[in-house]
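What follows is a short report on a single structure.
Order of the sequence lines sets the chain letters (A, B, ...), proteins ahead of strands, with each chain counted from 1.
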There are 2 protein chains.
Amino acid sequence: MEEIDRRIVTLLAKDGRMSFTDLARETGLSVSAVHQRVRRLEKRGVVRGYTAVIDHDAIGLPLTAFVSIKPIDPAAPDDAPDRLAHLTAIEACHSVAGDESYILKVRVASPVALEDLLQQIRAAANVSTRTTVVLSTPYEHRAPEIAAEAVGHPTA
Amino acid sequence: MEEIDRRIVTLLAKDGRMSFTDLARETGLSVSAVHQRVRRLEKRGVVRGYTAVIDHDAIGLPLTAFVSIKPIDPAAPDDAPDRLAHLTAIEACHSVAGDESYILKVRVASPVALEDLLQQIRAAANVSTRTTVVLSTPYEHRAPEIAAEAVGHPTA
DNA sequence: ACTGAAATGCAGTCACC
DNA sequence: GGTGACTGCATTTCAGT
């Protein structure tokens, strides 16, 4: 029965604006049943929201980079994510295992803007940085393949 | 005037299912004017699509990692993205500057699944891998701050 | 949990400015 | 590019099963 939730999530991952009518046709359920299920998936946090996929070239942020950071003072409390949250060029922040403590994904307008951003990151979080510039992106934001029996087990 | 397109893109990045009626109220335009602009942004490729943001814990893919790959034979033609595209655990593939050639973002169910995936990656693309496991994600998918005068200059 | 129907609101198109 | 009106379809709710 949770097979249907999987289908719904997969379909919404591919097209976040798909109508309930279309979801109903694809799943073989009535419109109101699909409606109910989508709302439940949203409430459970399985579907966390909806977003437009933006072309960063077109909005003036053609340069993507991964910035790995490491604290200058390893004894200091680690609140780097909070200290960096105000920098809107940072799209994502992942705490990672390994030599460095976080990997940031950043989007900027130009090499100079990247230089400036790196200075702000170092100053705001008291970290050293190691930057890997993205040259091109063959693919991104691909929809996940959802395992059977995976949906509907709340993790929160 | 392109200020309005910026607002529309920003609003849709935050809520990809926002109705044209709400977009019209937020921008001060009529519904049909907003409708026209959104369709134009989609056609220009500024808005590339819409997607649901999924909680990977809830769908049974709680383990995220970054996998950097390097060709075993640097002289061979580099078609790694094509050779890896069938692996649905790979969410993104970025060509990068630096010691390695690509950074992959992957989502799997467990450490064992990661081990298996790494073998598949090495076999499919004839590469060595270096893996950085994500421990937690303070934030991700943050909406970009769109620069003035950035929207409406087609890049294609 | 799903269905079907009823009411409200939205999407999409049009003629016009 | 913009508006306002119109049509049809989608969303949302609810009583019933």
A:Leu135: hydrophobic cluster co-members (side-chain, 4.5 Å): none

Flag for B:Arg7-B:Thr27: side-chain donor and acceptor within less than 3.5 Å: no

Interface residues of residues 18-36 of chain A with DNA chain C (non-hydrogen, below 4.0 angstrom): A:Leu29, A:Ser30, A:Ser32, A:Ala33, A:Gln36

Basic-acidic side-chain contact under 4.0 Å: A:Arg44, B:Asp55: no

A:Arg39 CZ to C:dA1 P, straight-line distance once rounded to whole Å: 17 Å

Partner set under side-chain contact (heavy atoms from CB on, under 4.5 Å) for B:Ser32, not counting sequence neighbours: B:Ser30

Rounded distance (Å) that lies between atom C1' of C:dG9 and atom CZ of B:Arg17: 15 Å

Spacing of A:Glu3 atom CD relative to C:dA1 atom P, expressed in whole Å: 16 Å

Presence of salt bridge, A:Glu140 and A:Lys105, under 4.0 angstrom: yes

